[in-house]
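Please read through the structure below; I'll follow up with questions.
All heavy atoms count here, side chains included; hydrogens, waters and symmetry mates do not. Residue numbers begin at 1 in each chain, while the letters A, B, ... track the order of the sequences.
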Number of protein chains: 2
Amino acid sequence: MLSLDFLNNDYEDTKSPAQKAEEYIAIDILTGNLRRGQRIVEQDLCEKFGMSRTPVREILGRLAASGLIELIPNRGAFVVGITERDVDDIFYMKSLLYPQCVKWAIERITKDEYEMLEETFAFMEFYTATEDLEKMQKINRGFEAIIYNASHNTEMESALLKYDFIIRYANLDIKYPLNYLTTVLEEHRAIFEAFRARNPEAGAEAAQIHAFKSMMRRK
Amino acid sequence: MLSLDFLNNDYEDTKSPAQKAEEYIAIDILTGNLRRGQRIVEQDLCEKFGMSRTPVREILGRLAASGLIELIPNRGAFVVGITERDVDDIFYMKSLLYPQCVKWAIERITKDEYEMLEETFAFMEFYTATEDLEKMQKINRGFEAIIYNASHNTEMESALLKYDFIIRYANLDIKYPLNYLTTVLEEHRAIFEAFRARNPEAGAEAAQIHAFKSMMRRK
DNA sequence: CAAATAAAGATTGTATACAATTTTACCATT
DNA sequence: AATGGTAAAATTGTATACAATCTTTATTTG
């Protein structure tokens with residue numbers, strides 16, 4: 001768990017074909033390539049991914065458990081997908097959870113975790129300077145993932161990771177303000193400074209501001 | 001979704017054998033019949049539930065997606081289970097989410113939903129009077145489920161339902177105070193009165209108190 | 001011509017078979 | 001007796017086959 005893997009571009013090679021297929025389908029749903037209500041026929045997926053129905057059915061079972069599709073007995077898999085409303089719901093949930101997460105994380109973070117956070121923030125400053133949007137977004141996710149983990153509350157961590165996955169892929173129209181990179185960096189700096197100062201309340205406030213502004217950057 | 005099904009004792013007959021088996025295994029894990037780290041052999045489950053490996057594997061896939069077991073390639077399923085610490089985490093999460101849930105629910109509840117809540121609360125008073133603990137706990141879950149739904153935030157609802165499922169089955173030692181039934185009824189009454197008065201802030205406060213006291217009732 | 005019905009086709013649910021991998025047991029060697 | 005290696009057994013991963021169910025199409029009937 002505790003590694004800088006997210007800096008590596010091709011970490012996905014460690015995943016099995018079945019896992020890749022699952023993530024591929026999930027992303028297809030979230031990005032809107034598969035529309036809400038659309039039926040997914042097992043045979044089609046078999047041909048698409050070159051596997052038999054057995055693993056395909058297992059994938060569909062897992063996707064159903066995660067809520068992205070609905071499995072109706074004897075009638076097949078139907079895309080539940082994500083509505084605009086669902087994304088709203090998730091942003092609300094994130095702005096509710098994230099401040100408390102930061103608060104706990106500042107109270108409970110270990111030395112190793114703090115050093116990793118420090119290192120990651122240094123990378124953030126670097127990639128902001130080089131204006132590499134893609135790398136910056138990746139490292140932003142890494143920065144937050146370290147904080148989620150440092151909250152030392154498994155449910156908090158898994159809930160926020162789930163929301164980030166959806167936010168990442170859901171068809172979002174983001175208003176990138178003129179200095180988007182530096183804007184986000186400064187929001188994160190406020191959070192990081194709270195960690196440095198070991199000030200949970202300041203962290204919660206900075207997290208609240210960041211979550212709110214993230215929500216506002218949606219069209 | 002909007003029904004008083006939870007009053008019916010044998011609603012589980014509507015579930016497929018595979019769904020029952022899944023729930024049975026999940027409960028086995030949460031109640032501690034299956035210990036953390038223990039390996040689950042597919043063939044054993046086949047014999048136990050009288051089905052072949054194909055549906056059993058699909059069940060294991062779903063349980064893995066929900067986090068109760070871990071699926072290691074070519075090595076099988078291992079019980080992850082729930083630690084005391086995990087239950088603590090979940091109580092913290094519930095006391096964070098539930099007040100906001102009640103607040104939203106009071107702001108957004110429909111007429112139909114409110115009538116159902118009112119009806120359910122009447123049943124709660126009745127079962128408290130008859131001192132039927134089991135029926136009371138069932139209807140308590142129903143009462144909260146209506147509120148979760150009335151928050152009209154899908155993620156809020158599914159998160160709290162998940163926590164309730166775990167809290168229900170995780171090996172908990174609950175300190176039942178002398179007047180447990182009436183105590184809980186009064187906590188719920190405070191929440192219901194906030195609904196009646198359409199007062200979100202009062203609802204959030206009452207929910208906070210209820211969640212806190214629920215947490216304290218653990219040994 | 002519309003509606004109802006029946007049959008054919010398509011799709012899902014489950015069982016079984018086989019391949020790939022891991023675990024266990026046994027034996028030889030030091 | 002402890003260690004290492006090899007073969008057998010057990011277990012998982014996948015493919016295929018068949019049964020159950022649903023959907024579609026064609027046909028019949030009013």
Side-chain angles (χ1 to χ4, degrees), chain A residues 10-30 33-81, chain B residues 1 10-29 33-81:
Chain A
D10 38 30
Y11 71 98
E12 290 181 355
D13 290 352
T14 60
K15 294 180 182 174
S16 73
Q19 281 176 312
K20 278 192 193 175
E22 181 176 344
E23 197 166 307
Y24 192 90
I25 297 169
I27 293 171
D28 253 11
I29 293 173
L30 289 172
N33 285 346
L34 295 174
R35 260 176 294 180
R36 196 181 180 81
Q38 186 175 335
R39 184 178 184 182
I40 299 176
V41 176
E42 293 173 3
Q43 191 58 43
D44 296 347
L45 294 179
C46 296
E47 287 159 17
K48 189 167 184 178
F49 297 107
M51 47 178 74
S52 79
R53 281 181 54 221
T54 310
V56 163
R57 283 179 60 81
E58 293 186 0
I59 289 169
L60 292 178
R62 282 195 291 272
L63 286 174
S66 76
L68 280 178
I69 65 173
E70 189 181 8
L71 241 40
I72 300 177
N74 293 312
R75 298 194 50 192
F78 294 84
V79 176
V80 172
Chain B
M1 263 295 169
D10 39 31
Y11 72 99
E12 290 180 355
D13 290 353
T14 61
K15 293 179 182 174
S16 73
Q19 281 176 311
K20 279 191 194 177
E22 180 175 345
E23 197 166 305
Y24 191 90
I25 297 168
I27 293 171
D28 254 12
I29 294 172
N33 285 345
L34 294 174
R35 261 177 293 180
R36 196 181 180 82
Q38 185 174 335
R39 185 179 182 182
I40 299 176
V41 176
E42 294 174 0
Q43 191 58 43
D44 296 348
L45 295 179
C46 296
E47 285 159 18
K48 189 167 184 177
F49 296 107
M51 48 178 73
S52 78
R53 280 179 55 221
T54 310
V56 163
R57 284 178 59 82
E58 293 186 0
I59 290 170
L60 292 178
R62 282 194 290 273
L63 286 174
S66 77
L68 280 178
I69 64 173
E70 189 182 6
L71 242 39
I72 301 177
N74 291 314
R75 299 194 47 195
F78 295 84
V79 176
V80 172

When rounded to the nearest 0.5 Å, the distance separating CZ of B:Phe49 from CG of B:Asp44 is 11.0 Å
Provide, to the nearest angstrom, the distance between the CD1 atom belonging to A:Ile40 and the P atom belonging to C:dA10.
-> 21 Å
Starting at CD1 of B:Ile59 and ending at P of C:dG13, how long is that distance when rounded to a whole Å?
-> 13 Å
Expressed in angstrom and rounded to an integer, what is the separation of A:Leu45 atom CG from D:dT14 atom P?
-> 15 Å
Short side-chain to backbone donor-acceptor contact, A:Arg35 and A:Val79, under 3.5 Å | no
Distance from B:Thr54 atom OG1 to A:Glu58 atom CD, nearest 0.5 Å?
-> 8.5 Å
B:Asn74 side chain, from C-beta outward: closest of C:dG13, D:dG13, C:dT14 | D:dG13
Can you tell me how far the CZ atom of A:Arg57 sits from the CG atom of A:Leu45, to the nearest 0.5 Å?
-> 12.0 Å
Separation of atom CZ in A:Phe49 from atom C1' in D:dT14, rounded to whole Å | 17 Å
Just checking A:Leu71: base, sugar-phosphate only, or nothing, at a heavy-atom cut-off of under 4.0 Å?
-> nothing
Select one nucleotide: of C:dT12, D:dG13, C:dA15, the one nearest the side-chain heavy atoms of A:Glu42.
-> C:dT12
What is the distance from CD1 of A:Ile72 to P of D:dC22, rounded to the nearest Å?
-> 12 Å
Which whole-number value in Å describes the distance from A:Gln43 CD to C:dG13 P?
-> 14 Å
Take atom CZ of A:Phe78 and atom P of C:dT11, then tell me their distance rounded to the nearest Å.
-> 12 Å
Per atom distances to the A:Arg53 side chain, the nearest of D:dT14, D:dT11, D:dA17 is D:dA17
When you get a sec, tell me which of C:dT23, D:dT12, C:dG13 is the closest nucleotide to the side chain of B:Arg57?
-> D:dT12
Okay, side chain of A:Arg36, backbone of A:Val80: is any donor-acceptor separation there less than 3.5 Å?
-> yes
Whole angstrom is fine here: how far is it from CD in B:Glu58 over to P in D:dT12?
-> 16 Å
B:Val41 side-chain proximity, nearest of D:dA15, C:dT16, D:dT11 | D:dT11
When we call it a touch if two heavy atoms are under 4.0 Å apart, what does B:Leu60 touch: a base, just sugar-phosphate, or nothing?
-> nothing
Side chain of B:Arg75 (C-beta onward), nearest among C:dA15, C:dT22, D:dT23 | C:dT22
Quick one: is D:dT14 close enough that its OP1 or OP2 comes under 4.0 Å of any side-chain N or O from A:Thr54?
-> no
